[in-house]
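Input: a single structure, listed below in structure tokens.
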Amino acid sequence: MSTSIDVFAKAREHERLEQLRAARELDLVPYFRVLEGPTLPVVEMEGKRRIMLGSNNYLGLTGDERVKQGALDALNRYGTGLTGSRFLNGTTDLHLELENELADWFGTEAALVFTTGHQANVGALGTILGPGDTVVVDSGDHASILDGCILSRAKLRPFRHNRIDKLEQALEKAAADGGGILVVVDGVFSMEGDVAPLPEIAELSHRHGARLMVDEAHALGVLGARGAGASELFGVEDRVDLRMATFSKSLASCGGVIAGPADVIEFLRVSSRPFMFTASAVPAALGAALAAVRICRSDEGRKLFARVLDNARYLHRGLDELGFQVVQPTRLADGTEIVTTVVPVVVGDDWKAAFLWKGLYDAGVYVNVALHPAVPPGGALLRTSVMATHDRDTLDRALEIFAQAKRTFESEHGPLPGRR
Ligand SMILES: Cc1ncc(COP(=O)(O)O)c(C=O)c1O
């Protein structure tokens, strides 16, 4: 017997196909645009200089001579690749140095370096959780968290984004599931740039006997006096059981880390399939990350954290004053407002987001476009993000281009969502 169903059919019939075809014809696809030089505040992209407001190079360290030297030294010492898993032939003293430095920075007993941040989340969650457990996640959590949960086959209980009352309900239901419970949240949410209310989340998790894991991808090297992330900012590091971070944002490289208790890290080291069955990162990526960590942990780090947050506030205020709907800053219990490096402009409709993106792109500003499933349906965003190395003239020029793109867009397509 043979099947009449072709597994390739979905490639030829998927729901976004028509949309993509039409967008391609109008040169409106915001993805896979080609960079022709380094990721700096102004980049060469498809034959033109454009202001880069769509990178996660928050501290601007991809162009730093010391970070580049760290990569070169590692390349010269270990060659271009390790050609194998960390488990077998792919662990170097650079890994161990980086793991010690990261554990020290987080203030945890141990840390484990993965080849990417995605693998760190999948490798930790897919191993720590099992079919009898329950994992409680914020609906805005990063896709890699969801992928790890799916791999684990634990019972998934999502709660509405940043809603503590919904987290409490989910935890009450989880208690009846009968297994262990892990709560996983992003410290800073990758698309909206808002911050998880970690003190309340930690308190509720503790009260329900659940473990807590925080993804610090967009918070490491940005938030907290040491730059150790949202858990440090909120003063709850001792109540967070596992911390995850990536090297692909402030650390100007590629790779990921899980930090936590020594026994749990050791368990991951010998049991995590996404850790064991993949090649170790290229040495240059490790050398760059280690150099970037050292800069973050020096006095210079504090200045860079302050500068990038200052730039974020400047861009946020500028966009708000132009009448865009920007995601509101997170207000802490003491009244402080936190604007993170991610400053999204809400557009709502997918096509409108693509048209506004194109207006900006043609006029010399690159931003990211986030559509469903990266955001809720009908919640299309232009995700802008800043670097510590953007100067005020560049941000002012970007704001002028935003003002001009808004005028042109609204004259052709009607009003954009306004200030709230
Ligand atoms: C919140 C969050 N977690 C995890 C990741 C995955 O990190 P990486 O890019 O290193 O795979 C990302 C990256 O996009 C992220 O934004």
Side-chain angles (χ1 to χ4, degrees), residues 31-32 39 54-59 61-62 86 95 98 102 106 111-126 135 137-151 158 161-162 182-196 198 201 212-223 228-231 233 240 242-259 272 274-275 278-282 284-286 288-290 292-293 327 330 340-344 367-371 373-375 381 383-386:
Y31 308 117
F32 300 105
T39 297
S55 152
N56 300 311
N57 181 21
Y58 298 138
L59 303 182
L61 292 178
T62 60
R86 289 221 35 208
H95 286 95
L98 187 53
L102 286 163
F106 279 121
L112 188 63
V113 164
F114 289 71
T115 304
T116 68
H118 186 282
Q119 280 172 351
N121 269 335
V122 171
L125 294 164
V135 58
V137 296
D138 185 292
S139 59
D141 278 357
H142 190 258
S144 53
I145 294 176
L146 193 62
D147 293 346
C149 297
I150 292 168
L151 178 70
H161 178 50
N162 266 350
L182 178 69
V183 175
V184 193
V185 293
D186 286 10
V188 170
F189 288 88
S190 52
M191 293 297 137
E192 287 83 0
D194 50 353
V195 182
L198 290 181
I201 293 173
L212 174 61
M213 172 169 161
V214 176
D215 177 332
E216 302 275 18
H218 297 272
L220 187 73
V222 175
L223 296 183
S231 309
L233 174 78
V240 176
L242 282 180
R243 314 268 287 280
M244 175 274 169
T246 165
F247 307 161
S248 66
K249 318 235 184 272
S250 290
L251 300 184
S253 182
C254 195
V257 61
I258 299 288
S272 171
F275 173 77
T278 196
S280 178
V282 295
L286 299 162
L290 185 57
V293 169
V327 170
T330 306
T340 69
T341 51
V342 182
V343 182
V367 299
N368 288 306
V369 178
L371 307 178
V375 289
L381 297 175
R383 179 193 184 275
T384 77
S385 48
V386 286

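Both ligands and their constituent atoms are indexed starting at 1 by order of listing.
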In terms of atom number and element, which parts of ligand 1 are under 4.0 angstrom from non-hydrogen atoms of G255?
10 (O)
Who's the nearest protein heavy-atom neighbour of atom 9 (O) of ligand 1, and how far?
S248 OG, 3.2 Å
Rounded to the nearest 0.5 Å, how far apart are CG of N57 and OG1 of T62?
3.5 Å
With heavy atoms of T116 as the reference, note each atom of ligand 1 found under 4.0 Å away.
10 (O), 11 (O)
Nearest neighbour in protein (non-hydrogen) for atom 14 (O) of ligand 1
K249 NZ, 3.1 Å
Ligand-residue contact atoms, ligand 1 with S190, heavy atoms, under 4.0 Å:
16 (O)
Separation between CG of D186 and CD of E216, rounded to the nearest 0.5 Å
9.5 Å
Can you tell me if S250 uses its side chain to pair, donor with acceptor, with the backbone of L59 under 3.5 Å?
no
Could you label the plane-to-plane angle of the H218 and Y58 rings as parallel, tilted or perpendicular, counting under 30° as parallel and over 60° as perpendicular?
tilted
In ligand 1, the atoms that come under 4.0 Å of a heavy atom of N121 are 3 (N), 4 (C)
Looking at non-hydrogen atoms alone, which of H142, M191, Q119 comes nearest to atom 2 (C) of ligand 1?
H142
Please check this pair: side chain of S139 against backbone of H161, looking for a donor-acceptor N/O pair closer than 3.5 Å.
yes
Quick one: pull up CG in N121 and CG in D141 and give me the separation to the nearest 0.5 Å.
8.5 Å
Check: of G117, S253, S144, A374, min heavy-atom distance to atom 4 (C) of ligand 1 comes from S144
Give a yes or no answer on whether the side chain of R243 reaches the backbone of S231 with a donor-acceptor pair at less than 3.5 Å.
no
Pick whichever of E216, M244, H218, H118 has a heavy atom sitting closest to atom 6 (C) of ligand 1.
H118
Could you tell me whether I145 approaches ligand 1 through its side chain, its backbone, both or neither, with non-hydrogen atoms closer than 4.0 Å?
neither
Audit row: T116, H118, side-chain hydrogen bond (donor to acceptor under 3.5 Å, both in side chains) steps and yes/no
CA-CA 5 Å; T116 68; H118 186 282; 5.2 Å; no
Contact atoms of ligand 1, heavy-atom distance to T246 under 4.0 Å
7 (O), 8 (P), 10 (O)
Atom 1 (C) of ligand 1: nearest protein contact (heavy atom, Å):
D215 OD2, 3.3 Å
Is a side-chain N or O of S385 found less than 3.5 angstrom from the main chain of S55, in a donor-acceptor match?
yes
Tell me whether A217 has any N or O atom under 3.5 angstrom from an N or O of ligand 1.
no
